[in-house]
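Here's the structure, in structure tokens; my notes come after.
Quantities reported herein were computed from a predicted structural model and do not represent experimental measurements. Note on naming: letters A, B, ... go to the chains in the order of the sequence lines (proteins, then strands), and numbering restarts at 1 for each one.
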Amino acid sequence: MTLTRAVWAQGIHGHGAKRELAMKTAEIREAFLSYFEQQGHTRVGSSSLVPHDDPTLLFTNAGMNQFKETFLGLETRAYLRACTSQKCVRAGGKHNDLENVGYTARHHTFFEMLGNFSFGDYFKREAINFAWTFLTEVLKLPKERLWITVHTSDDEAAAIWIDEIGIDPSCLSRLDEDNFWQMGDTGPCGPSSEIFYDHGAHVPGGPPGSADDDLDRYIEIWNLVFMQFNRDGAGELHPLPAPSVDTGMGLERIAAVLQGVHSNYEIDLFQTLIKATASALAVADLEEKSLRVIADHLRSCAFLIADGVMPSNEGRGYVLRRIIRRAVRHGNKLGATQPFFATLVPVLVAEMGAAYPDLQASESAIVKALRAEEDQFARTLDNGMAILEEALSSLEGAVLPGELVFRLYDTYGFPVDLTNDIARERNLTLDVEGYDEAMAQQRKRSQESGSFKVDYNESVTIPGETQFTGYDSTEGSGTILALLAEGEMTQSLAAGEQGVVVLNSTPFYGESGGQVGDCGLLQGDSSRADVTDTTKAQGHHFHHVQVTAGSLSVGDVLTSTVDNALRERIRLNHSATHLLHEALRRVLGNHVVQKGSLVDSERLRFDFSHGEAVSAAQIEEITHIVNEQIRGNSATTTQLMDMDSAVAAGATALFGEKYGDEVRVLSMGSQGFSVELCGGTHVDRTGDIGLLLVTGESGVAAGVRRIEAITGKAALEQSLASSQRVVDVAEVLKATPNAVVEKASVLRSEVRELEKEVARLKQKLATSSGGDLTQSAVEIGGIKVLATQIEGADVATLRETLDQCKNKLGTAVVLLAAVEGDKISLVAGVTKDATDKVRAGDAIKEFAGRLGGKGGGRPDMAQGGGTDVAALPAALAAVPDWVASQLA
RNA sequence: GGGGCCAUAGCUCAGUUGGGAGAGCGCAACACUGGCAGUGUUGAGGUCGUCGGUUCGAUCCCGUCUGGCUCCA
């Protein structure tokens with residue numbers, strides 16, 4: 001290892017000194033972006049790790065993610081050339097190599113992807129020239145170390161490389177599948193060209209396309225994708241009118257090459273993190289794999305939290321939780337006894353905060369969230385450990401059952417590798433097969449119940465865009481562009497059928513930004529369809545309809561009418577959501593970020609990041625702030641502007657909303673109280689909302705709270721109804737409405753006093769009557785037998801009395817009964833010194849049976865009941881004889 | 001979206017053929033001790049998460065809801 005490292009460290013020019021002079025990771029990032037800016041590219045910020053509007057993608061995993069719609073032609077940008085340094089996360093989902101991270105040279109959960117993009121502007125020639133110039137002139141990589149691959153069909157690219165760049169044909173491979181890229185089974189695709197770096201003959205491995213090309217000598221550093229075809233549903237390729245370019249170069253890889261190191265973990269950025277971790281955990285060996293795991297995971301966790309993901313038990317939050325816990329486990333392996341992970345955050349922020357201001361701004365939130373999760377995990381481990389110890393104490397044999405291992409993991413979150421460590425310490429092994437079997441069943445269950453929501457993005461392609469006219473009007477007309485039935489394109493929909501109508505223009509709002517879609521009516525000359533919902537996909541509004549008369553055909557012109565009353569109520573709720581959001585931020589703090597929202601005609605629901613329950617006092621304050629804004633009755637303004645201006649104006653972007661170049665900025669409340677990007681429909685003046693009333697506050701997931709509220713007429717009615725309830729309560733309590741609380745609390749303490757008094761009296765009654773009752777006991781074979789009825793006693797009193805009787809009688813058998821309505825309660829007691837002859841349980845079974853009931857208990861005390869009140873005197877009279885029979 | 005587990009005193013938790021609500025810590029009062037600290041005694045504190053069902057009887061069995069933990073997708 002040491003030898004190999006020395007060889008690697010000789011670096012690209014063959015002498016180790018260069019490593020010291022090599023560009024830092026941050027300098028490479030900046031060099032890339034400024035080079036492409038000079039080539040006419042717009043420097044675009046990294047998009048969030050949480051992809052908006054793409055449910056198929058767990059996390060942003062490539063530079064092109066934020067441009068997907070642009071490549072598909074569904075949206076246009078203000079520029080034709082762009083360059084980015086995109087933060088990416090790969091964990092969970094399809095390519096889940098979480099377990100490899102830290103143990104290989106180039107696997108990461110988080111990485112940065114440098115990319116330059118052309119949207120129908122330049123193509124292969126320029127893309128290749130840019131890449132070559134940047135690598136050889138800006139980064140000064142030696143040309144002879146670079147190896148090129150081109151698709152078998154792509155003579156054009158091969159010719160550019162060989163004839164124009166001057167690549168030696170022997171350093172160029174023509175590959176098939178490795179050099180073809182596609183977004184999905186259909187859609188844009190094309191050949192790619194990759195640039196490899198040759199670490200030199202002293203490293204094992206062959207050039208791309210050879211048998212041992214997966215070894216470390218040739219490392220892919222840059223992938224240039226030439227999007228020139230559109231693949232249709234039948235698999236046919238059609239040339240795109242405006243071919244595009246998408247490239248990607250892993251920042252950590254190129255840094256490793258430039259710094260002359262073998263593993264990405266040896267670049268300056270990672271070394272800083274690793275050293276900080278080693279120092280925090282007092283670990284001397286910097287080669288320790290666990291340090292790499294922690295350094296890698298620190299990056300993904302911090303950036304995910306900065307983008308609003310919080311540890312939880314599902315979806316993205318769950319992936320984050322797993323990464324955090326894996327990091328903490330590795331810390332524990334290195335001997336950590338205290339929470340350490342969160343303490344590393346400042347080091348990361350110092351290293352990367354300049355390039356990612358969001359990270360810097362979220363520092364305290366990241367520390368808080370990581371610390372909380374570390375504490376939670378520690379509790380989980382303690383708990384699991386206790387259960388494991390318990391199971392081990394009664395274990396027979398030397399194998400831990402798979403079922404137990406699985407249950408520890410599944411139910412209590414106790415990591416299997418930890419179970420394994422503990423088992424090994426005690427010379428035990430795990431039943432891995434049984435564990436795998438249980439896990440396979442769990443997977444099967446989950447998959448079988450997966451949802452089957454139709455994803456129109458996958459099944460059909462509709463060109464163009466629907467024009468939305470609904471901000472100004474709730475009526476309009478439009479031509480049918482397409483009809484869908486059961487997810488398939490169709491030419492017509494007949495009366496009685498359900499389907500989807502796509503128009504070229506519509507006033508119907510499509511579900512987005514948490515606001516539900518509009519309902520209403522579509523009418524043709526002789527046709528009519530009810531719109532039950534409107535959704536958005538591919539830039540189009542999908543009207544989900546039930547045809548009620550005539551039939552609809554592609555090309556028909558329809559009159560569209562939105563259900564105005566419904567729309568009006570939705571507007572109130574949606575506008576109130578914006579005021580609520582800002583009020584929450586002012587009262588609870590700026591860490592409040594929208595995590596989801598649902599706005600319909602009945603109510604509004606707003607989910608946001610916040611660590612603890614919102615107190616009643618805080619809710620009151622929030623309600624005041626919102627209603628103050630409503631009473632202010634200021635005009636709502638919407639402005640279209642580009643994204644940069646919007647951010648400059650202080651606009652907050654809403655989660656789940658897709659923004660094009662031109663965004664709609666909504667200002668509401670006095671003096672720009674709330675400024676947000678939003679495409680929804682809103683009130684003209686805040687006063688239209690009338691009133692906002694919070695109806696509930698609850699938790700959705702760890703770190704996420706939910707507030708539900710109502711507005712307008714509904715809020716007023718609710719408010720009136722609760723006032724009326726107070727009046728009603730006051731009447732029942734015989735108090736004035738203003739004094740109900742006081743009255744209720746007085747009554748409650750009175751009830752308490754009375755209950756205590758009753759308990760005292762019962763006790764007294766039991767003591768005195770116990771004494772009286774003992775008079776009537778008869779003696780059978782040396783045992784005093786007492787069987788009697790007590791008026792008005794309950795079960796607790798019977799028991800008390802029973803104890804008193806036993807105390808006073810010495811050796812005794814006692815049976816006491818009380819009648820309430822048509823129900824008889826029985827208790828039986830036998831003093832300890834007689835339980836070997838007579839058992840209380842037997843007595844109860846016998847006499848409860850005679851009274852049409854059942855009962856049971858211990859030998860010295862038993863309870864039961866019956867219903868045959870008439871038979872009670874005879875039953876009690878028979879007790880002495882029964883005792884005699886037991887003694888016989 | 002689909003499973004599993006949990007909810008008992010202010011806190012940490014015990015509590016099985018369904019039959020009388022407990023421990024430790026903390027709290028209060030009193031006593032001992034020169035002070036601090038401590039020790040001892042006594043006491044307060046519980047609709048056993050919610051609502052419903054089964055049962056003579058439910059903290060316990062069944063179901064609903066709420067909250068928390070956890071795994072899978």
Exercise. Are any of A/Arg445's side-chain N or O atoms less than 4.0 Å away from OP1 or OP2 of B/G2?
Worked result: no
For this session: Side chain of A/Arg321 only, please: which of B/U70, B/C71, B/A73 is the nearest?
Result: B/U70
For this session: Write down the distance separating the P atoms in B/A23 and B/G63, rounded off to the nearest Å.
Result: 33 Å
Exercise. Just how far, in rounded Å, is C1' of B/C71 from CZ of A/Phe377?
Worked result: 13 Å
For this session: Take the protein atom CZ of A/Arg443 and the nucleotide atom P of B/G4, then report the distance between them rounded to whole Å.
Result: 18 Å
Exercise. Over how many whole Å does the gap from A/Arg379 atom CZ to B/U12 atom C1' extend?
Worked result: 12 Å
Problem set entry | side chain to side chain donor-acceptor pair (under 3.5 Å) against A/Arg407, all qualifying residues, sequence neighbours excluded | none
Exercise. B/A44 pairs with which nucleotide, Watson-Crick or G-U wobble, both distances below 3.5 Å?
Worked result: none
For this session: When you get a sec, tell me which of B/C71, B/U70, B/A21 is the closest nucleotide to the side chain of A/Asp410?
Result: B/C71
Problem set entry | Pairwise P distance for B/U16 and B/G53, with rounding to whole Å | 26 Å
For this session: Could you work out the separation of B/A44 and B/U66 based on their C1' atoms and round it to a whole Å?
Result: 30 Å
For this session: Please report, rounded to the nearest Å, how far the P atom of B/U70 is from the CG atom of A/Asp382.
Result: 13 Å
For this session: Kindly say whether A/Ser48 contributes a backbone atom to a donor-acceptor pair with the side chain of A/Thr60 at under 3.5 angstrom?
Result: yes
May I have the list of side-chain donor-acceptor pairs in residues 848-871 of chain A shorter than 3.5 Å, sequence neighbours left out?
from, atom 1, to, atom 2, distance (Å)
A/Arg850, NE, A/Glu846, OE2, 2.9
A/Arg850, NH2, A/Glu846, OE2, 3.1
A/Arg858, NE, A/Asp860, OD1, 3.2

Exercise. Side-chain contact, heavy-atom cut-off 4.5 Å: A/His297 with A/Phe341?
Worked result: yes
Exercise. With a non-hydrogen cut-off below 4.0 angstrom, is A/Ser825 in contact with a base, only sugar-phosphate, or nothing?
Worked result: nothing
Exercise. Given the C1' atoms of B/C60 and B/A7, what is the spacing between them in whole Å?
Worked result: 14 Å
Exercise. Across all strands shown, which nucleotide pairs with B/C60 by Watson-Crick or G-U wobble geometry, both distances under 3.5 Å?
Worked result: none
Exercise. Do any side-chain nitrogens or oxygens of A/Thr411 fall under 4.0 Å of OP1 or OP2 in B/C6?
Worked result: no
Exercise. Taking atom P of B/C69 as reference, at what distance in whole Å does atom CG of A/Leu381 sit?
Worked result: 15 Å
For this session: In whole angstrom, give me the gap between the P atoms of B/U8 and B/G2.
Result: 27 Å
For this session: Could you tell me which nucleotide pairs with B/U39 by Watson-Crick or G-U wobble geometry, both distances under 3.5 Å, or answer none if nothing does?
Result: B/A31
Problem set entry | Backbone of A/Val328 reached by a side-chain donor or acceptor of A/Glu374 within 3.5 Å | no
Seminar exercise, completed: Any strand, both distances under 3.5 Å, Watson-Crick or G-U wobble: B/U50 pairs with none
Problem set entry | Pairing partner (Watson-Crick or G-U wobble, both distances under 3.5 angstrom) of B/G1 | B/C72
For this session: For the side chain of A/Lys823, starting at C-beta, report the closest nucleotide among B/C56, B/G3, B/A73.
Result: B/C56
Exercise. Considering Watson-Crick and G-U wobble pairs with both distances under 3.5 Å, what does B/G22 pair with?
Worked result: B/C13
Exercise. What residues, two or more places apart in sequence or in another chain, satisfy salt bridge (Lys or Arg N to Asp or Glu O under 4.0 Å) together with A/Arg799?
Worked result: none
Problem set entry | C1' atoms of B/G24 and B/A31, separation to the nearest Å | 23 Å
Exercise. Atom CD of A/Glu403 and atom C1' of B/G4: how far apart are they, to the nearest Å?
Worked result: 11 Å
Exercise. P atom, B/G1 versus B/A14: distance in rounded Å?
Worked result: 31 Å
Exercise. Roughly how many Å is it from CZ in A/Arg316 to C1' in B/G1, rounded to a whole number?
Worked result: 15 Å
Problem set entry | Worked check of ring-ring contact (aromatic ring centres under 6.0 Å, His included) between A/Tyr409 and A/Phe414 | CA-CA 5 Å; A/Tyr409 176 64; A/Phe414 199 73; 9.7 Å; no
Exercise. What's the CE-P distance between A/Met385 and B/C69, to the nearest Å?
Worked result: 21 Å
Problem set entry | For A/Arg424, all residues meeting side chain to side chain donor-acceptor pair (under 3.5 Å), sequence neighbours excluded | none
Problem set entry | Whole-angstrom distance between B/G19 and B/U55, as gauged at atom C1' | 12 Å
For this session: For RNA chain B, find the residues of residues 844-867 of chain A with a heavy-atom distance under 4.0 Å and give them by number; none if there aren't any.
Result: A/Lys854, A/Gly855, A/Gly856, A/Gly857, A/Arg858, A/Met861, A/Gln863, A/Gly864, A/Gly865
Exercise. With sequence neighbours excluded, what pairs up with A/Thr429 under the side chain to side chain donor-acceptor pair (under 3.5 Å) test?
Worked result: none
